[in-house]
Colleague: 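Questions regarding the structure given below will be posed in turn.
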Amino acid sequence: MSETRKPFPFSEFEPKWQSRWESEKTFRTPNPGDEGFDASKPKYYVLDMFPYPSGAGLHVGHPEGYTATDIIGRYKRMNGFNVLHPMGYDSFGLPAEQYAIKTGQHPAVTTAANIGNFRRQLKSLGFAYDWEREIATTDPGYVRWTQWIFLQIYNSYFCEETNKAKPVSELEAKGWSREQIDAVRLAYVADTPVWWSPDLGTVLANEEVEEWKGKGHTVERRPLRQWMLRITKYAQRLIDELDTLDWPTGIKLLQKNWIGRSEGASVKFQISNFNSQVEVFTTRPDTLFGATYMVLAPEHPFVVEITTDENKEAVEGYKKACSSKSDLDRTDLNKDKSGVFTGAFAVNPVNKEEIPIWIADYVMMGYGTGAIMAVPGHDGRDYEFATKFDLPVVQVVQPKDESEWQGFTGQGTAVNSGFLDGLSTWDAKTKMIAWLMENEKGERKIQFKLRDWLFSRQRYWGEPFPITWKGGEHFALPDSDLPLLAPPLEDYKPSGSPEPILSKAKDWVELEDGAIRETNTMPQWAGSCWYYLRYCDPSNSERFISKEVEDYWTSEKPGMVDLYVGGTEHAVLHLLYARFWHKVLFDLGHVGTPEPFQRLVNQGLIMGEDGQKMSKSRGNVVNPDDVVSEYGADSLRLYEMFMGPLEQVKPWQMKGVEGVSRFLARVWRLSITDEGEISPKIRDEECTDKELIRVVHETIKKVGEDIEKLSFNTAISQMMICTNAFTQTETVSLKEFVSFLSVLNPFAPHLTEEIHERLCVKFGKEAILLSETDWPKYDEKALIRTVGELVVQVNGKLRDRILMALDAPEETAKELALASEKIKEYTDGKTIRKIIYIPGKIMNLVAN
RNA sequence: GGCGGCUUGGCGGAAUUGGUAGACGCGCUCGACUCAAAAUCGAGUUCCUUGUGAGUGUGGGUUCGAUUCCCACAGCCGCUACCA
């Protein structure tokens, strides 16, 4: 028990090959102009989502995607591509800072230690990364360009005519004032209600709130001055250009829904006895005749103004209740509608009827105009509300069938709607919008759910903004001052006030000329928005990526990266933010493609052995280090690919690792004896076994095709079939065996390299026709089967298999089938009505 | 509530321009080797009432033939959530 005997000596040869690849720079990827660059080779850029280097190290989910891309990368390399397959670290982030708060240790120290551990683990898996291109988002040389790109965004505005970002210098030239320009910058400062977490000491993006609340942190709503990025200007392009990408439809849909485009109309309602109008957005202008009341969000600016004295107390009370409610889980409050009457009325523009104005928390200030026209006859929420508060419900749409109209939200025919009566929903919408425009009561409008991106944080471990303030105005730092690094702090504890932590460093903040530095920092997303660009040219100190290099690694397709593999958790945020930055850089002429990632594949989650999500608390976490030391890196790689389809959620099974390990051991024993000699079974002679040759060629073909399809599990099963065939024959010819090794190489690179090297020593390099760096070719002729089984069915049920020439004409096949005893049993006394014959596959006799 | 995905042996999964359901692996059973065990090798392994039987979540449909196509339903998972 003390010494476990390894089925093959992976612990000897795996480190050996890893250090050889490293010292020989086997997987170095040359750029144009570099030594060894070959312009005739096509390029292939395959990218992993780089990890956040947490203290816990790699988990088994990481190698799933990384092995997949490694196989593709190695395969493309064997097929003559110049492959870019890099790795790095998304190393800014809150956990390093939380750790610093606890221990006082500078986040840079823990981050460096964690990166060291990740690097060691990644190397132990034998990935063919070009380690000279390794980057971390916290490197000063990287931060510099993250800040530079921010300044590009800061110095741009969105030109509505061209639908593109342009430098604000163009506006300066046109004589725009400083104030006017600041109002259109793609990066701007705004006082907005944000989610502030006192114990984390930072604001959080909407989309981060749930995550941190789940971890027990408190979050409250408060207005703060923040940096925002004007991503909403790109909403339409971010939707439209999805169509040009090879992404899973589910992810495209997720992004589309997130951006949330709705078509409809804005409608202006006059407020009775006031000289102001309230604008609402509706997707159903055809139901305007059914609008029997109006609802404002409690935070709507008009609420105070229009509330009558007798309703003031109730309205104030309700508003107060709502603001504290925002801290609670609102979903719990969804069930019951609540609201209060303001005492004011609005005039429905189409029928001049006075309708009451209510406030209710089912209307959100953040979407549309923060006000709605309520059509309780044809909207579920409005109906619920109207029923509760006894408001009038009017039918304005007649469903096509006889179904109940109350709460009917579908398309139908307009009724009780004046000039719309009799029109279909679609026509009624068009006509109503025309009417609204004619009467200046509204217009066609497209509304997006997407908000501008809250880009600032109050934490320490992020990129500082390259911005200074003087006299209430912000200024960009000159490029020559970049990178601007955060000063070291004694104490990282949040102060409890929303003042950014960097403001503690007075010497750093206060500049000689009376200017002060911006003390906010960028969110973690900043670094991951452009890392795929930096990999191309990681040590360039002149530019974030040189034009020539960018040009080389860019494709003719809209997306720059050929294949991007990572988890679905980034389906919306990272992928949307990166697309946005890329488009800005594209508009400004810094990159040549409109999209960053052409083909996207999401690997499925690996669950624990118990079928539950892996987590420390459940105790079902599998550590890749343990698997490597017990079964070897090749086994881990192969198992992760053999578990099932890459994109599927699947449970870990340690027995399965043993299974693939046994397979690799069989390959080893096939060629190497217990004494470490080349097995006498491997012969340097022509193979005469046609069937064996067929299996080998079938394997070359299928594995290649399966790799292209990312269908690694079936590729592995084919290689197992091939190995089983080798095992069952007396001798294995060297040529066939080496072909097989080449095909297995991208999956199990250590084992195959080791066997290959030993074969070279024994037989001499000349004896081995195929080089290990070439993907073998298969012979179509060797794949053809001439004789095989024809399946014969009677009335669609399998009754016999008959060995015959697979290209036999129907007459011959029919004779053979009818001569079969088994078939006779089923056709006796019956008439054969029809024969379906598909040569080589099936014959179906229809008889009764 | 909305959107998306999934459902095949004891388990992971294979097979779709409709054509042998269960490839490959795990597990299990039996055998060989061994003093014995492990490892390894070989044979078997959808189920049952063993039949001209049933069978890919359930019910229906199209077809000579359906895991694959169509309709309805159920269950599970993920995301999103009063989006007007």
Side-chain angles (χ1 to χ4, degrees), chain A residues 1 4-5 7 207 210 248-254 256-258 260-262 264 280-284 287 295 297 330-331 333-337 360-364 366-375 379-382 384-385 409 447-450 568-569 571-572 604-605 607 611 613 638-639 642-645 647-660 662-663 665-666 669 711 713-721 723-724 727-728 789-801 822 825-826 828 833-838 840-847:
Chain A
M1 281 303 273
T4 46
R5 210 173 125 246
E207 43 273 21
E210 282 311 312
T249 49
I251 302 296
K252 287 188 182 184
L253 217 74
L254 231 46
K256 275 186 192 164
N257 291 344
W258 187 266
R261 182 187 200 270
S262 344
V280 303
F281 171 73
T282 176
T283 53
R284 292 296 298 269
T287 62
V295 186
R330 282 188 94 140
T331 50
L333 305 157
N334 277 354
K335 290 158 195 151
D336 219 9
K337 290 277 178 292
D361 67 353
Y362 84 92
V363 174
M364 309 286 137
Y367 181 73
T369 60
I372 62 157
M373 58 177 228
V375 183
D379 181 283
R381 296 154 301 180
D382 297 345
E384 207 182 312
F385 191 84
T409 55
Q447 182 69 44
F448 293 98
K449 259 197 296 194
L450 185 69
T568 350
E569 66 272 22
V572 179
L605 206 61
M607 312 296 269
K613 220 175 209 170
L638 208 66
Y639 173 63
F642 188 58
M643 290 174 84
E647 301 187 57
Q648 194 168 301
V649 178
K650 40 209 179 289
W652 185 272
Q653 293 185 319
M654 217 37 119
K655 283 284 185 188
V657 187
E658 273 178 43
V660 293
R662 275 204 279 266
F663 159 65
R666 271 202 295 278
R669 283 197 308 272
S711 177
N713 54 331
T714 50
I716 293 166
S717 108
Q718 180 62 38
M719 291 189 282
M720 287 170 166
I721 291 170
T723 303
N724 292 346
T727 310
Q728 276 151 24
E789 280 177 346
L790 182 80
V791 170
V792 183
Q793 299 180 330
V794 178
N795 292 330
K797 291 195 173 164
L798 171 73
R799 296 306 183 193
D800 200 8
R801 302 157 204 263
K822 285 184 193 162
E825 271 179 55
Y826 293 94
D828 254 3
R833 304 280 176 198
K834 195 174 172 185
I835 295 176
I836 290 103
Y837 176 55
I838 295 154
K841 286 216 159 156
I842 203 161
M843 169 171 280
N844 189 12
L845 304 172
V846 185

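What you see below is based on every heavy atom in this structure, not just the backbone, and it leaves out hydrogens, waters and symmetry mates.
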Colleague: Does G9(B) pair with anything, Watson-Crick or G-U wobble, both distances under 3.5 Å, and if so, with which nucleotide?
Modeller: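 Pairing partner, where one exists within any strand: none, as none qualifies.
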Colleague: Does I838(A) reach a base, just sugar-phosphate, or nothing at all? Heavy atoms under 4.0 Å.
Modeller: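 Since a base atom lies under 4.0 Å of I838(A), the category is base.
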Colleague: Counting heavy atoms from C-beta on, name the nucleotide in C26(B), A84(B), G12(B) closest to the side chain of Y367(A).
Modeller: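 It is A84(B).
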Colleague: Quick check on G9(B): syn or anti? Syn means the glycosidic torsion is within 90 degrees of zero.
Modeller: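 Syn, which is what one calls it when the glycosidic angle falls within 90° of 0.
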Colleague: Please give, in whole Å, the distance from G25(B) C1' to I716(A) CD1?
Modeller: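 The distance from CD1 of I716(A) to C1' of G25(B) comes to 10 Å, rounded to the nearest Å.
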Colleague: Using the P atoms only, state how far G60(B) lies from C47(B), rounded to an integer number of Å.
Modeller: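 These two P atoms come out 26 Å apart once rounded.
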Colleague: Taking only the C1' atom of each, what is the distance from U17(B) to G59(B) in whole angstrom?
Modeller: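 One C1' to the other, the span is 28 Å.
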Colleague: Output yes when at least one side-chain N/O atom of N795(A) is less than 4.0 Å from OP1 or OP2 of U52(B), else no.
Modeller: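 It does not, given that no N or O in the side chain of N795(A) lies less than 4.0 Å from OP1 or OP2 of U52(B).
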Colleague: Taking only the P atom of each, what is the distance from A15(B) to U8(B) in whole angstrom?
Modeller: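 To the nearest whole Å, 15 Å.
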Colleague: Name the pairing partner of G18(B), where a pair is Watson-Crick or G-U wobble with both distances under 3.5 Å, or state none.
Modeller: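 Pairing partner: none.
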Colleague: Which nucleotide in the set U52(B), C82(B), G13(B) lies at the smallest distance from any side-chain heavy atom of R799(A)?
Modeller: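 Out of U52(B), C82(B), G13(B), the nucleotide with an atom closest to R799(A)'s side chain is U52(B).
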Colleague: Classify the nucleic acid contact of V846(A) as base, sugar-phosphate or nothing, counting any heavy atom under 4.0 Å across all strands shown.
Modeller: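 If one applies the 4.0 Å heavy-atom cut-off, V846(A) turns out to touch the sugar-phosphate alone, with no base involved.
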Colleague: Counting only N and O atoms by type, is there a donor-acceptor contact under 3.5 Å from the side chain of D382(A) to the main-chain atoms of V375(A)?
Modeller: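 Indeed, once roles are kept as given, a pair shorter than 3.5 Å links the two residues.
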Colleague: Taking the side chain of M720(A) as heavy atoms from C-beta outward, which of A84(B), G13(B), C24(B) is closest to it?
Modeller: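 Closest of the options to the side chain of M720(A): C24(B).
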Colleague: Taking atom C1' in both G13(B) and U56(B), what distance in whole Å separates the two?
Modeller: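 Roughly 13 Å separates the two C1' atoms.
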Colleague: Distance check: side-chain N/O of R801(A) vs OP1/OP2 of G19(B), anything under 4.0 Å?
Modeller: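 For G19(B), neither OP1 nor OP2 has a side-chain N or O of R801(A) closer than 4.0 Å.
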Colleague: Under 4.0 angstrom, heavy atoms only, what part of the nucleic acid is R666(A) near: base, sugar-phosphate, or nothing?
Modeller: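 R666(A): backbone/sugar contact only, no base atoms under 4.0 Å.
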Colleague: Looking at side-chain heavy atoms only, is the closest gap between N795(A) and L845(A) below 4.5 Å?
Modeller: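 They are not in side-chain contact.
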Colleague: What distance, rounded to whole Å, do you find between the two P atoms, one in G61(B) and one in U67(B)?
Modeller: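 After rounding to an integer number of Å, I get 15 Å for this pair.
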Colleague: Do K449(A) side-chain atoms and N257(A) backbone N/O form a donor-acceptor pair below 3.5 Å?
Modeller: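 It does hold such a pair.
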Colleague: Should C73(B) form a Watson-Crick or G-U wobble pair with both distances under 3.5 Å, which nucleotide is its partner?
Modeller: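 Per the H-bond distance test, G57(B).
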Colleague: Quick one: K613(A) NZ to C76(B) C1', roughly how many Å, whole number?
Modeller: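 Taking atom C1' of C76(B) as the reference, NZ of K613(A) is at 15 Å.
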Colleague: Nearest to the side chain of F281(A) - C3(B), C79(B), A84(B)?
Modeller: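 Out of C3(B), C79(B), A84(B), the nucleotide with an atom closest to F281(A)'s side chain is A84(B).
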Colleague: Using the C1' atom as the point on both nucleotides, what is the distance between G22(B) and C71(B), in whole Å?
Modeller: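 So the two C1' atoms sit 28 Å from each other.
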Colleague: Whether the side chain of R799(A) engages the backbone of E825(A) through a donor-acceptor N/O pair (distance < 3.5 Å, no angle test) should be reported.
Modeller: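 Judged by distance alone, no pair lies under 3.5 Å.
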Colleague: If C3(B) has a Watson-Crick or G-U wobble mate with both distances under 3.5 Å, name it; if not, just say none.
Modeller: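 Its partner is G78(B) (Watson-Crick or G-U wobble, both distances under 3.5 Å).
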Colleague: Just the rounded figure in Å: distance from C1' of A84(B) to CD of E384(A).
Modeller: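 Going from CD in E384(A) over to C1' in A84(B) covers 14 Å.
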Colleague: Return the nucleotide paired to G44(B): Watson-Crick means purine N1 to pyrimidine N3 with N6-O4 or O6-N4, wobble means G-U with N1-O2 and O6-N3, both under 3.5 Å.
Modeller: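 The base-pairing partner of G44(B), which may sit in any strand shown, is C28(B).
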Colleague: Below the 4.0 Å mark, does A14(B) have OP1 or OP2 next to a side-chain nitrogen or oxygen of N713(A)?
Modeller: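 For A14(B), OP1 or OP2 has a side-chain N or O of N713(A) closer than 4.0 Å.
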Colleague: Mind calculating the distance between CD (E658(A)) and P (C24(B)) to the nearest angstrom?
Modeller: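 About 20 Å, once rounded to whole Å.
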Colleague: Can you check whether Q793(A) has a side-chain N or O nearer than 4.0 Å to OP1 or OP2 of C64(B)?
Modeller: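 False: Q793(A) side-chain N/O out of range (4.0 Å or more) of C64(B) OP1/OP2.
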Colleague: Check this one for me: any side-chain N or O of T568(A) less than 4.0 Å away from OP1 or OP2 of C79(B)?
Modeller: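 For C79(B), neither OP1 nor OP2 has a side-chain N or O of T568(A) closer than 4.0 Å.
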Colleague: Applying a 4.0 Å non-hydrogen cut-off, can you work out what R662(A) is touching in the nucleic acid: base, sugar-phosphate, or nothing?
Modeller: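 If one applies the 4.0 Å heavy-atom cut-off, R662(A) turns out to touch the sugar-phosphate alone, with no base involved.
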Colleague: Looking at A39(B), I'd like to know if its phosphate oxygens (OP1 or OP2) sit under 4.0 Å from a side-chain N or O belonging to R669(A).
Modeller: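 For R669(A), the contact criterion (side-chain N or O under 4.0 Å from OP1 or OP2 of A39(B)) is not met.
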Colleague: For the residue pair Y362(A) and F385(A), does the interplanar ring angle fall in the parallel (under 30°), tilted (30 to 60°) or perpendicular (over 60°) class?
Modeller: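 If you compare the ring of Y362(A) with that of F385(A), the planes turn out tilted.
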Colleague: Using atom P in both nucleotides, what's the gap between G57(B) and G10(B) to the nearest angstrom?
Modeller: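 Taking atom P in both G57(B) and G10(B), they lie 13 Å apart.
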Colleague: Identify which nucleotide among C64(B), G13(B), A84(B) has an atom closest to any side-chain atom of P645(A), counting heavy atoms from C-beta outward.
Modeller: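 Of C64(B), G13(B), A84(B), G13(B) is nearest to the side chain of P645(A).
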Colleague: Can you tell me how far P of G1(B) sits from CG of D379(A), to the nearest Å?
Modeller: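 One finds 16 Å between P of G1(B) and CG of D379(A), rounded.
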Colleague: Which nucleotide, G13(B), C11(B), G19(B), lies nearest any side-chain atom of P651(A)?
Modeller: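 Looking only at side-chain atoms, P651(A) lies closest to G13(B).
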Colleague: Work out which heavy atom in L254(A) is nearest to a heavy atom in A571(A); give both atom names and the distance.
Modeller: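 Nearest heavy atoms, L254(A) then A571(A): CD2-CB, 3.6 Å.
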Colleague: Go nucleotide by nucleotide along RNA chain B from the 5' end; which of Y639(A) and A371(A) gets its closest nucleotide reached first?
Modeller: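 The residue mapped nearer the 5' terminus is Y639(A).
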Colleague: Select one nucleotide: of A84(B), G4(B), C24(B), the one nearest the side-chain heavy atoms of L253(A).
Modeller: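 The nucleotide sitting nearest to the side chain is G4(B).
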Colleague: If only side-chain N and O atoms of Y826(A) are considered, is one of them under 4.0 Å from the OP1 or OP2 phosphate oxygen of U52(B)?
Modeller: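 Indeed not, no polar side-chain atom of Y826(A) lies that close.
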Colleague: Let's see if you can work this out: which of A84(B), C82(B), C24(B) has an atom nearest to the side-chain heavy atoms of S262(A)?
Modeller: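 The nucleotide sitting nearest to the side chain is A84(B).
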Colleague: Verify the contact: side-chain N or O of K841(A) to OP1 or OP2 of G65(B), cut-off strictly under 4.0 Å; return yes or no.
Modeller: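 It does not, given that no N or O in the side chain of K841(A) lies less than 4.0 Å from OP1 or OP2 of G65(B).
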Colleague: So do E658(A) and R662(A) actually touch side chain to side chain, heavy atoms under 4.5 Å?
Modeller: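 They are in contact (side-chain heavy atoms under 4.5 Å apart), so the answer is yes.
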Colleague: Y837(A) OH to G19(B) C1': how many Å, rounded?
Modeller: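 The distance from OH of Y837(A) to C1' of G19(B) comes to 13 Å, rounded to the nearest Å.
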Colleague: How many Å lie between NZ on K834(A) and P on U63(B), as a whole number?
Modeller: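 One finds 10 Å between P of U63(B) and NZ of K834(A), rounded.
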Colleague: Hey, which of these two, N724(A) or E789(A), hits RNA chain B nearer its 5' end, going by closest nucleotide?
Modeller: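 The residue whose closest nucleotide sits nearer the 5' end is E789(A).
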Colleague: Have a look at L254(A) and say if it touches a base, only the backbone sugar-phosphate, or nothing, with a 4.0 Å heavy-atom cut-off.
Modeller: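 Since only primed, P, OP1 and OP2 atoms lie under 4.0 Å of L254(A), the category is sugar-phosphate.
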Colleague: Please classify the nucleic acid contact of V649(A) as base, sugar-phosphate, or nothing, using heavy-atom distances under 4.0 Å.
Modeller: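 Answer is sugar-phosphate: V649(A) comes under 4.0 Å of backbone atoms only.
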Colleague: When rounded to the nearest Å, what value does the distance between P atoms of G12(B) and A23(B) take?
Modeller: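 So the two P atoms sit 15 Å from each other.
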Colleague: Output the single nucleotide from G25(B), G19(B), G42(B) whose closest atom is nearest the side chain of N844(A).
Modeller: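 Of the candidates, G19(B) comes closest.
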Colleague: In whole angstrom, give the distance that lies between atom NZ of K650(A) and atom P of C6(B).
Modeller: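 Answer to the nearest Å: 14 Å.
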Colleague: Would you mind telling me which of G19(B), G12(B), A21(B) lies closest to the side-chain atoms of L798(A)?
Modeller: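 Output: A21(B).
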Colleague: Does the side chain of R669(A) come within less than 4.5 Å of T727(A)'s, by heavy atoms?
Modeller: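 Counting from C-beta outward, T727(A) and R669(A) never come under 4.5 Å.
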Colleague: Using a cut-off of 4.0 Å on non-hydrogen atoms, how would the nucleic acid contact of G260(A) be classed: base, sugar-phosphate, or nothing?
Modeller: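 Result for G260(A) = nothing.
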Colleague: Do K655(A) side-chain and C11(B) base share a donor-acceptor contact under 3.5 Å?
Modeller: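 Checked by distance alone, the answer is no.
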Colleague: With both distances under 3.5 Å as the test, what is the Watson-Crick or G-U wobble partner of A36(B)?
Modeller: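 For A36(B), the partner nucleotide comes out as none, under the 3.5 Å rule.
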Colleague: Strictly distance-based, threshold 3.5 Å: is any side-chain N or O of Y826(A) a donor or acceptor partner for the main-chain N or O of Q793(A)?
Modeller: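 Here the side-chain-to-backbone pair does not exist.
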Colleague: Can a donor-acceptor pair be found, under 3.5 Å and without considering hydrogens, that links the side chain of K655(A) to the backbone of Q653(A)?
Modeller: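 Pair absent, no side-chain N/O of K655(A) close to backbone of Q653(A).
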